[in-house]
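For reference, the structure discussed in these notes is given below.
Below, chains carry the letters A, B, ... as their sequence lines are ordered, and counting in each starts from 1.
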Protein chains: 2
Amino acid sequence: MSLVHAILAVLDHTPMSGYQLKREAFDNTIGHIWSADQAQIYRTLDRLLRDGMIDFEAEKQEGRLDKKTYHITQKGKDSLDEWMTSTDPLDPIRDSFLVRLYHAFSLPNHQVLSMIEAEMRQYTERLHTLEVPPPIEDEKVRTLKSKKEVLRALTLELPVRLTRTYLDWLAHCFDVINQSPDFDEPQAGARERQVNPQNRRA
Amino acid sequence: MSLVHAILAVLDHTPMSGYQLKREAFDNTIGHIWSADQAQIYRTLDRLLRDGMIDFEAEKQEGRLDKKTYHITQKGKDSLDEWMTSTDPLDPIRDSFLVRLYHAFSLPNHQVLSMIEAEMRQYTERLHTLEVPPPIEDEKVRTLKSKKEVLRALTLELPVRLTRTYLDWLAHCFDVINQSPDFDEPQAGARERQVNPQNRRA
DNA sequence: TAGAAATATATGTGATATCATATACGATTA
DNA sequence: TAATCGTATATGATATCACATATATTTCTA
């Protein structure tokens with residue numbers, strides 16, 4: 001499970017609380033790589049604590065609730081190091097939009113096009129949140145201060161590249177379907193489908 | 001859950017058994033889009049059956065075990081149609097290799113390079129299994145027989161494009177890291193790390 | 001002819017992920 | 001001043017996924 005290691009990696013760099021992990025790490029950089037919700041983060045912190053991978057100091061703030069600042073232990077560092085040099089099998093492909101498009105022959109043409117447009121909007125939005133790190137050019141490498149900065153820039157560049165590829169492909173799909181004038185004629189395998197007068201549901 | 005709809009989509013096209021779903025659908029085309037293991041398929045079939053989305057005829061083969069050929073019901077078609085015209089939020093990004101690379105400043109340069117090479121091998125292998133569908137060019141659109149064929153070719157093209165983007169990016173990472181001669185010098189934030197004489201484990 | 005592979009379905013268990021909701025309290029704002 | 005927002009942690013319930021294993025029979029192969 002990579003959430004364990006994602007959290008260890010963040011804490012190895014900067015000790016912080018569960019709330020900070022959510023707000024500062026998983027809503028930004030690390031979240032562009034491995035997304036996790038709040039409940040998952042707190043439960044994983046509990047587990048890491050039980051396993052001795054992390055420890056914490058509760059900061060008593062007068063009036064306010066305690067803030068637990070977690071830090072990685074030596075055991076946690078060892079475990080992280082071991083994971084770093086291992087190799088995982090590739091993460092499986094699961095894309096619900098593709099499942100839809102795969103079956104979209106059952107829809108009239110204009111509906112397929114608007115499906116694609118909706119997906120383009122979502123991916124365009126995602127592209128904005130990925131806040132485009134500047135591409136690393138040959139001469140820039142020497143100007144970057146540390147290995148860490150170079151690796152993080154490289155890492156955060158992939159989600160951007162993948163999102164662009166997705167958007168290019170969506171545009172390609174749109175064009176192909178759009179320039180097919182006969183697509184709204186009945187096709188073998190497509191169900192007869194009238195425009196529902198009343199939208200019945202189960 | 002898209003597995004439900006992936007199965008309904010396949011059965012809407014061709015009635016088949018759980019075993020066939022695994023071998024003919026999820027080990028090939030649909031599996032390039034939404035991967036699922038055998039246990040998941042059978043349990044989802046049970047659920048779809050309970051919910052009245054599918055039905056089956058058991059083929060009594062003398063001697064042999066019964067083969068249950070599942071087919072979609074009207075209720076299943078309605079549910080599938082409803083899902084087809086809905087919009088899901090984007091699937092979350094979770095990439096364990098990126099988590100590793102994000103933290104790879106703690107590793108010596110040559111290890112980062114071999115991590116990248118290992119990942120390249122895995123993605124190159126995946127690219128082969130995706131068995132490259134021919135790209136759809138403008139003139140080809142008219143020669144393809146049906147809307148279904150066009151949409152399936154488009155659908156199966158995306159995983160290929162994404163894999164190529166991944167491979168390009170891996171090559172880029174390799175180059176950037178490789179041409180940085182000072183990368184093996186100690187960096188702020190990286191742990192001191194000697195070449196272990198004995199590989200101790202927890 | 002013994003054993004392995006292919007066909008075919010099924011369950012047990014644990015790990016993970018998701019979604020909703022609860023608690024607590026200070027600070028801001030309408 | 002009531003409501004909402006931001007900080008902070010936590011759990012209950014459910015959904016989903018992953019991995020191992022069990023059963024039964026035929027066909028292929030060494």
> Taking side chain as C-beta onward, heavy atoms only, is B:Lys67 less than 4.5 Å from B:Ser17?
Replying inline: yes

> Taking the side chain of A:Gln38 as heavy atoms from C-beta outward, which of C:dT18, D:dA10, C:dT13 is closest to it?
Replying inline: D:dA10

> Whole-Å distance between C:dA8 P and B:Lys67 NZ?
Replying inline: 5 Å

>> With a 4.0 Å limit, can you tell me whether A:Ser17 has a side-chain N or O closer than that to the phosphate oxygens OP1/OP2 of D:dT9?
In response: yes

> Phosphate oxygens OP1/OP2 of C:dG14: is one of them under 4.0 Å from a side-chain N or O of A:Arg47?
Replying inline: no

> Does the side chain of A:Tyr42 get closer than 4.0 angstrom to OP1 or OP2 of D:dA10 through an N or O atom?
Replying inline: no

> Side chain of B:Tyr19: nearest nucleotide among D:dT9, D:dT11, C:dA6?
Replying inline: C:dA6

>> If you only use heavy atoms from C-beta on, which nucleotide in C:dT13, D:dC17, C:dA17 is closest to the side chain of B:Arg43?
In response: C:dT13

> Within the structure, does a side-chain N or O atom of B:Lys68 lie under 4.0 Å from either OP1 or OP2 of C:dA10?
Replying inline: yes

> Out of C:dT18, C:dA10, D:dT11, which nucleotide sits closest to the side chain of B:Tyr70?
Replying inline: C:dA10

> Just one of B:Thr124, B:Leu130, B:Leu158 clears the side-chain contact (heavy atoms from CB on, under 4.5 Å) bar with B:Thr163, so which one?
Replying inline: B:Leu130

> Can any side-chain N or O of A:Thr14 pair as donor or acceptor with the backbone N or O of A:Leu11 at less than 3.5 Å?
Replying inline: no

> Closest nucleotide of DNA chain C for A:Trp34 versus for B:Gln20: which of these residues is on the 5' side?
Replying inline: B:Gln20

>> Nearest to the B:Arg23 side chain among C:dT7, C:dC19, C:dT11, which nucleotide is it?
In response: C:dT7

> With a non-hydrogen cut-off below 4.0 angstrom, is A:Ala39 in contact with a base, only sugar-phosphate, or nothing?
Replying inline: base

> How many Å lie between CE on B:Met1 and P on C:dT16, as a whole number?
Replying inline: 19 Å

> For the side chain of A:Gln111 and the backbone of A:Pro108, is there at least one donor-acceptor N/O pair under 3.5 Å apart?
Replying inline: no

